[in-house]
Amino acid sequence: MQNEERIRGIIQKAAAKAGLEVGVQAIEVENTRDPKFGDYSTNLAMKNAKKLGKKPIDLANSIIGAIDDPLVEKVECAGPGFINLTLKKESLASVVKKILEQGSAYGKGNDKHFKINVEFVSANPTGDLHLGHTRGAALGDAISNIYEKAGYEVTREYYVNDCGNQVHHLGLSLLARYKELFGEPLELGDDDYHGVDLIEIAKKIKEEKGDSLLHEKTEDVLPYFIRYGIDTELAKIKKDLGDFRVRYDVFSYESDIRKGDAIPKLLEELKPHTYVLDGAVYLKTSDYLDDKDRPIVKSDGNFTYFLPDICYHYDKMARGFDLLVDVLGADHHGYINRMKSALMMRGYKPESLEVELVQIVKTFQNGVEVKMSKRTGKAITHRELVAEVGVDAVRYFFVERAASSHLDFDYDLAKSQSKDNPVYYAQYAYARTCSLLGLGRDIAIDPEGKGLGSEDEKAILKHLADYPSMIEGAAKGRAPHRVAAYIQKLAALVHAYYGLTRIIDRENPNLTGSRLALMKACGLVLKDALGLLGVEAPEKM
RNA sequence: ACGCCCGUAGCUCAGCCGGAUAGAGCAACAGCCUUCUAAGCUGUGGGUCAGGCGUUCGAAUCGCCUCGGGCGUGCCA
């Protein structure tokens, strides 16, 4: 059991003796930030004094008087009524043995028997991924990893919009590029894709088909160009994501959703919630959470994107997930209540869908903002960034900050500072632990950590003991940046310890064995935490 | 106009289910390589937590208002 949990139990027992009955989870135990306040502290007395008509300090003292536990070294009342506990050295050191025994299973949460579908990126296959997608990919994958670590069952999914208006324009743009190769003037509209990557695809078509498609009617060859464009773009996206160490369990295709009679059946099902206005069919989402109704069938008879999207989300729910998580760009926030409303129409709870909004990445180059647009093709692409800066640094960078924070990303700075990226600091800490273990491989490791007990060793032990609850919190908050913050702190503790302590001391093999065990534990946790963020942990740097 | 996100050190950001002197990295400054990797360590400086009012024993954190920035409010996706 981790320290905070144990302390909650101790406090609860003592509080009961002092006349205060509280649930274990209602007891807030926090790591102190200053050793003079002991190892852990709780504000329980301050929170509950009024209820009992006592002064916080008096209540604290009567709780303290009732504490009797072999793990506890010292208890004190401080400030306005904090109860500060100091644990015995041995109880802090016990985490080392646990980590060494459990290895990468350390920090793994209990099986929650809770199935979560995480959908992320889901970029339209109409061009290269841009930096917004990079952030979505890094976050979606890390969130999935953290969920799994915390004991949830996760399916990672990508929804491919291979129908509708956008891919129609992809086909038209590709056709225009194809014709351009034969000397015809390039005609691209505002809604078409101007990205130069289409030229390469057009060249391939030219190689395969020559000029055979040149003089056909547009409507006859357009489906071919659409299909070819989608297949090629999607293959590129899959490769880019794979190179970024992002793996998916399921790719779902809008074209599959539209097959058969699923959509007409859905329309029939939703009929009580619809009305016709100006020839278009509207869904009464405003009866639920939305502030206005949304069209699902256009007056020309085509579906809006929303209808197959509803069908898709119903499909996901029908597959038995307890929770759907959509990682979306912040410009989709209007979509949340729309889709929740649709889910409610079938009787699902609105909480069965959680949307993780990823704020816009503003990109700067030479101090000037680079507007991202797949259509103009001017944006810095995901591929360029990763090639320039490297997977580890990019993944870490995009996950280091909360998804909700607006991110100013300076491309030139990222390139020039890639050596200063905090990820190297963490990787270096790991490499150092490996190096020490290599140098001291002839010394017997002491998993009990008997010699440990200095202030910096205690700080490390406490931080290691925090790992499981950090995982739990990061999962609940879908907050990979907390893992990054944890890693930074652990790396800093290791570096500082290394800098101030001669770890391998051949005059003192017992103490060295304890220290090496501590370093091994740190290495295991660092590697595991970095892995959650999709970052590698090299043994040498 | 309305809705959502954001405003914390020179810069990029943590902290936000209220708690003890507000943190980290980068940048700046001063030190540390004959001993375990200097991609490192030690130390210093740097803040009206956008502003105001309120709730509270206690507010960066909760509520209301104002200001500033971003996004959204398509028969686009």
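Residue numbers begin at 1 in each chain, while the letters A, B, ... track the order of the sequences.
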Scan A/Q488 against the nucleic acid and name what it touches under 4.0 Å (heavy atoms): base, sugar-phosphate only, or nothing. nothing
Using a strict heavy-atom distance below 4.0 Å, which residues from residues 331-341 of chain A are in contact with RNA chain B? A/D331, A/H332, A/H333, A/R338
Checking A/K458 now: which residues fulfil salt bridge (charged side-chain N to carboxylate O under 4.0 Å, His left out) with it, not counting sequence neighbours? A/D39
Establish, with yes or no, whether the OP1 or OP2 oxygen of B/C17 is under 4.0 angstrom from a side-chain nitrogen or oxygen of A/K476. no
Considering residues at least two apart in sequence or located in another chain, which fulfil the side-chain contact (heavy atoms from CB on, under 4.5 Å) criterion with A/A475? A/I146, A/Y147, A/A150, A/Y152
Does a donor on one side chain sit under 3.5 Å from an acceptor on the other, for A/N84 and A/E76? no
Please check if the side chain of A/S173 supplies one atom and the backbone of A/Y193 the other of a donor-acceptor pair under 3.5 Å. yes
Span that lies between the P atom of B/G43 and that of B/G3, in whole angstrom: 49 Å
Determine, answering yes or no, if A/Y498 is stacked on B/G40 under the 5.5 Å centre rule and the 30° plane rule. no
Can you check whether A/S255's main-chain N or O pairs, donor with acceptor, with A/D162's side chain at less than 3.5 Å? yes
Once pairs are restricted to Watson-Crick or G-U wobble with both distances under 3.5 Å, how does RNA chain B read as a dot-bracket string, [ ] for crossings and | for other-strand pairs? (((((((..((((.....[...)))).(((((.......))))).....(((((..]....))))))))))))....
For a quick test of reading the model: is some side-chain N or O of A/R432 closer than 4.0 Å to OP1 or OP2 of B/A38? yes
For A/N48, what residues pass the side-chain hydrogen bond (donor to acceptor under 3.5 Å, both in side chains) criterion, not counting sequence neighbours? A/K51
What residues from residues 503-515 of chain A pass a heavy-atom cutoff of under 4.0 Å to RNA chain B? A/I503, A/I504
Should A/D197 and A/K236 be marked as a salt bridge (Lys or Arg N to Asp or Glu O under 4.0 Å) after you check the CA-CA gap, both sets of side-chain angles, and the distance that decides it? CA-CA 11 Å; A/D197 57 310; A/K236 281 199 288 181; 3.5 Å; yes
Establish whether the base of B/G19 is bridged to the side chain of A/N43 by a donor-acceptor pair shorter than 3.5 Å. yes
With sugar-phosphate meaning primed atoms plus P, OP1 and OP2, does A/L357 contact a base, only sugar-phosphate, or nothing at under 4.0 Å between heavy atoms? nothing
Between A/E157 and A/K316, is the closest basic N to carboxylate O distance under 4.0 Å? no
How should the glycosidic conformation of B/C62 be described, syn or anti, under the criterion that syn lies within 90° of 0? anti
N/O donor-acceptor pair, side chain A/N84 with base B/A20, under 3.5 angstrom: yes
Side-chain N or O of A/Y424 less than 4.0 angstrom from OP1 or OP2 on B/G25? no
Please measure how far the C1' atom in B/C11 lies from the corresponding atom in B/C32, and state the result in whole Å. 27 Å
Can you check the distance between B/G31 and B/A38, where both ends of the measurement are the C1' atom (answer in whole Å)? 13 Å
Side-chain-base donor-acceptor pair under 3.5 Å for A/T304 and B/A77: no
